[in-house]
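Below: the structure, in structure tokens.
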Amino acid sequence: MSPDADFGVRVSGDSMEPEIMDNDIVLIDQGKRDVTPGRLYAIGFDEAIYLKRIDILPGKVILKST
């Protein structure tokens, strides 16, 4: 883990409750690039960051809320 690749962000929304609550602060490690199904990831899309669990099926990546 590289300290230069880490940053904290305040969560807005309730899609991952009760695991991650609205207004929590999470640490994001941009240095990790390997995807493991079932783990929690920060996904950047349209200038926003989403915290979701990832499942991988043949030809598909599925993002899941808690």
Side-chain angles (χ1 to χ4, degrees):
M1 183 178 342
S2 167
D4 295 335
D6 300 343
F7 68 96
V9 63
R10 187 170 302 278
V11 174
S12 175
D14 60 2
S15 70
M16 295 304 291
E17 287 185 7
E19 187 173 6
I20 299 173
M21 307 295 284
D22 183 46
N23 215 32
D24 279 355
I25 296 175
V26 295
L27 180 65
I28 296 175
D29 178 2
Q30 295 185 95
K32 296 198 182 234
R33 300 290 179 177
D34 296 329
V35 176
T36 303
R39 300 208 46 201
L40 186 64
Y41 291 90
I43 297 108
F45 182 75
D46 282 345
E47 298 184 28
I49 299 171
Y50 299 90
L51 299 175
K52 301 293 177 190
R53 292 214 177 275
I54 293 182
D55 279 333
I56 300 174
L57 299 175
K60 295 181 185 179
V61 175
I62 299 170
L63 305 179
K64 292 184 172 183
S65 298
T66 297

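The analysis underlying the following values was restricted to heavy atoms, covering all of them including side chains, and did not include hydrogens, waters or symmetry mates. Just so you know, these numbers come straight off a predicted model, no measurement behind them.
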Linked, directly or transitively: Ile25 and Val9 (ILVMFWY side chains, under 4.5 Å):
no
Ser15 and Ser65 have their tightest heavy-atom pair at O-CB, 3.2 Å
Across all chains, not counting sequence neighbours, the side chain to side chain donor-acceptor pair (under 3.5 Å) partners of Asp55 are Lys64
Closest heavy-atom pair, Tyr50 versus Phe45, reported as atoms and distance to 0.1 Å, is CE1-O, 3.8 Å
All heavy atoms of Ser12 vs all of Asp22, minimum pair found to be CA-OD1, 3.3 Å
Closest heavy-atom pair, Ile56 versus Pro37, reported as atoms and distance to 0.1 Å, is CD1-CG, 4.1 Å
State, yes or no, whether a side-chain contact exists between Arg10 and Asn23 at a heavy-atom distance under 4.5 Å.
yes
So, the side chain of Tyr41 versus the backbone of Leu63: is there a donor-acceptor pair under 3.5 Å, distance only?
-> no
In Val26, Val11, Leu40, the residue satisfying side-chain contact (heavy atoms from CB on, under 4.5 Å) with Met16 is Leu40
Rounded to the nearest 0.5 Å, the CZ atom of Arg39 sits from the OG1 atom of Thr36 at a distance of 5.5 Å
State, with a plain yes or no, whether a side-chain heavy atom of Arg53 is found less than 4.5 Å away from one of Glu19. yes
